[in-house]
Protein chains: 2
Amino acid sequence: MIELYLLEQLLAFSEYGTLSAASKHLHISQPALTHSMQKLEELMEVKLFERQKNRITLNETGKLAVEYGKKVLDQEKEMIEQIRLFDKSSRTITLGACAPVPVWDMVPLLSQIYSGLTISSEIRNRDEELLEGLEKNKYQLVILHEKPSNGEIYVQAYGKERLFLSVPEGHPLAERSEIYLSDIDGQNLLLYTEIGFWYELCRQKLPNAHFLMMSEHDAFGEVAGSGAFPSFVSDVLMRRDPNNSLMEKKIIPILDNEVNVTYYCVCRYSDRKKFEPLYRRLGSYKI
Amino acid sequence: MIELYLLEQLLAFSEYGTLSAASKHLHISQPALTHSMQKLEELMEVKLFERQKNRITLNETGKLAVEYGKKVLDQEKEMIEQIRLFDKSSRTITLGACAPVPVWDMVPLLSQIYSGLTISSEIRNRDEELLEGLEKNKYQLVILHEKPSNGEIYVQAYGKERLFLSVPEGHPLAERSEIYLSDIDGQNLLLYTEIGFWYELCRQKLPNAHFLMMSEHDAFGEVAGSGAFPSFVSDVLMRRDPNNSLMEKKIIPILDNEVNVTYYCVCRYSDRKKFEPLYRRLGSYKI
DNA sequence: GTCGATTACGTATTACGTAACAATT
DNA sequence: AATTGTTACGTAATACGTAATCGAC
C-alpha cells in the first residue's frame with residue numbers, strides 16, 4: 001500500500017521542480033525526500049524518475065503518477081470534508097439565504113421546531129452559490145428568490161417582499177409619487193451591508209450610483225447617513241417596525257418588476273422528510 | 001492527513017464486525033487496532049463509533065466514513081494498476097485476440113515492426129472482454145471478429161477466415177458435399193482448446209454435441225482423436241499447411257453464415273499514430 | 001563557490017506487541 | 001470460562017535529520 005504522505009511529497013516535487021525546493025515547502029530535509037521518492041518507486045515497482053548526477057526529473061510514468069496522485073489526495077480531502085459536514089449536519093441546521101428577511105423568519109422558526117439542533121445561517125448574494133452549497137452539503141436549507149428547476153431538490157414558495165425607495169423630506173425626489181430605479185441611477189444611496197441578492201440587484205440596475213454601505217447596527221451610519229440620502233425599505237420591514245425613524249421619510253413605490261420578489265424554501269429531496277414539519281408551518285406562513 | 005492504513009483497518013473492522021476479528025485478518029494485535037481507530041477519530045475530529053464497555057460499533061458518521069474509505073482505497077489500487085500498466089505498455093505490446101490465427105499473423109509482424117518492444121498475446125472468447133481490456137489498458141491491440149461501433153477506437157478489417165468440417169474417410173458424414181452445423185449437433189467432435197470465439201460459436205450452434213478438447217500440441221490427441229472423429233479446419237490453415245494429415249480426410253463446406261468471419265484490428269484512438277506502421281502493413285495483407 | 005542529489009548514519013516518532021484489567025455473554 | 005475492548009508500557013520499524021561526498025553550473 002502506498003501511503004498518502006509519499007504522494008503528497010511526489011506532488012510537491014512535481015510542483016517545485018527540484019527535491020531541494022520541494023523539501024523546503026514540505027518542511028523536511030532534502031535527503032528525506034530522496035528516500036521517500038526511492039521508496040515510492042520501490043512500492044510502485046516502476047521507475048518514475050530520470051536521474052542524472054545532480055538532477056532528477058519525472059519520466060512519463062512519473063508524470064502519470066502525479067496525475068493519479070492528485071486524484072487520490074483530492075478524494076481524501078473530499079472524504080474528510082464530507083464526513084465533517086455530515087457530522088456537523090447531525091447536530092446543526094445550516095441555512096443559506098439570499099436576503100436578510102427570510103433569515104429573521106426562519107431562524108426562530110427552525111430553533112422552535114428543531115429545538116435539539118443548533119441553527120446557523122449565512123447570507124449569499126447569488127442563488128447559484130446557495131444551490132451549490134446545498135448540493136455539497138454546506139447548507140441543509142436555502143432560501144432563494146428565483147424558483148429553481150434542476151436538481152434533486154424540494155421547493156416551496158413561502159412569502160413575498162417588495163422594495164420601496166425611502167427619501168428624506170426636502171430631497172428633490174421627495175415629491176415623486178412613483179419611480180423607476182433608472183431614475184435614481186447616479187445618485188448617492190444609502191445601503192445596508194449583508195442584504196444578499198438585493199445588493200446584486202442594485203449594482204445591476206444602478207451601475208452609476210454611489211452606495212454608502214452601512215452595517216446593520218452601525219450607529220454612525222444611522223446618524224450621518226439616514227438624514228441625507230435616499231435609501232431602500234421593504235413592505236415587510238415597515239409592517240414589522242411601523243413606528244421607526246423611517247416614518248419621517250417619504251416612501252415611494254418602485255415600478256421595476258424586479259423589486260417584487262417571492263422567496264422559495266429549498267432542501268435536498270432526500271431531506272424532505274426531515275423538513276416536513278417546517279414546510280407544513282411555512283404553508284400557512286405570511287410574511 | 002489520514003493515511004491509508006487507517007482506512008484499511010477501518011474497512012476491516014466494518015467487514016468483520018469486531019476489533020478482535022478484524023485484527024486477526026489484518027495480522028495485527030487487538031490493542032493496535034484500538035489505537036488506530038482512536039487515532040482515526042482524532043484526525044477526523046469526529047466521533048465514528050459508539051462505545052459500550054466491551055462493545056464498539058460504527059455510528060452513522062462511521063458508516064459514511066467506511067463508504068468514503070472504500071472509494072479512496074479503490075482509487076489508490078486503480079492508481080497503482082494503471083501506473084504499472086502504463087509502464088509495461090512502454091516496453092511491451094499486449095495483443096488480445098478472439099482466435100488463434102490472427103495471433104500467428106500478428107505476433108511476428110509486431111515483433112518485426114516494433115523490434116524494441118516485447119510482444120505478448122492472449123486469446124479470449126468474447127469480443128466484449130477484449131474491448132473492455134483495450135479500454136482499461138490491459139491490451140494495446142485487439143483482434144475482433146465483429147466490427148465494433150462504440151468507443152474512442154480505431155478499426156481496420158484485415159483478413160478473413162472460413163471454417164470447414166473435416167471428416168475421417170469412412171465416417172457416415174464423409175459422403176456429404178455440404179453441411180449445416182445443425183446436422184452434426186449431438187455428435188462427438190474433436191476441438192482444439194484456446195480457439196477463442198470459435199468455441200463460443202460451437203457451444204451455441206451445437207448445444208448437444210460432445211466436444212473432445214485437445215490442446216494444440218497434444219500428441220495423444222493427434223493419435224487418439226484425429227482418426228476417429230469429425231473436427232474443424234479452416235481455409236487459412238489448409239493454405240498454410242497443405243500437406244498435413246488433414247489431407248487424408250474429407251473437407252466439407254459448412255453452409256452457416258457464422259463460419260465466415262472477418263477479423264478487425266482495433267486500437268485506442270489515441271494510439272493510432274503508434275500503430276500506423278502496423279495498419280499500413282495490414283492494408284496489403286491477405287490471410 | 002553555490003546548488004542539487006545521493007549515501008551513511010544517528011535520532012525520534014510512532015505503529016505495533018505484550019501484559020494486565022474490566023466488562024459482557 | 002470465553003470473548004471483547006481499553007489502558008499501560010515497552011519495543012521495533014521507519015520517517016526524518018545531520019554530516020559528508022560528488023557533480024554540474
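We name chains A, B, ... by the order of the sequence lines, and we start the count at 1 in each one. Keep in mind it's a predicted model, so treat the numbers as computed, not measured.
Nucleic acid contact for A:Q38: sugar-phosphate only, since backbone atoms but no base atoms lie under 4.0 Å from a heavy atom of the residue. The residue B:S20 sits close only to the backbone: its heavy atoms come under 4.0 Å of sugar-phosphate atoms, none of a base. Residue contacts shown for A:T18 are limited to sugar-phosphate atoms, with no base heavy atom under 4.0 Å away. Backbone-only contact: A:Q9 has heavy atoms under 4.0 Å from sugar-phosphate atoms and none from a base.
At whole-Å resolution of the value, NZ in A:K24 and C1' in C:dC3 are 9 Å apart. One interatomic measurement links the two molecules: CD of B:Q30 to C1' of C:dA20, which rounds to 13 Å at whole-angstrom precision. The CZ atom of B:R55 sits 16 Å away from the C1' atom of C:dA22 (whole-angstrom rounding). Between B:L26 atom CG and C:dC16 atom P there is a gap of 9 Å when expressed in whole angstrom units.
Between B:E67 and B:K63 there is no salt bridge, since no side-chain N of the basic residue sits under 4.0 Å from a carboxylate O of the acidic one.
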Side-chain polar contacts of residues 42-53 of chain B - donor-acceptor pairs under 3.5 angstrom, sequence neighbours left out - could you list them?
residue, atom, partner, partner atom, Å
B:R51, NH2, B:E41, OE1, 2.2
B:R51, NH2, B:E41, OE2, 3.4

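For C:dC16, the OP1/OP2 oxygens have a side-chain nitrogen or oxygen of B:S36 closer than 4.0 Å.
Residue A:E8 holds its CD atom at 8.5 Å from CG of A:L4, rounded to the nearest 0.5 Å.
Taking the six-membered ring where the residue is Trp, the centroids of A:F275 and A:Y154 are separated by 6.0 Å or more.
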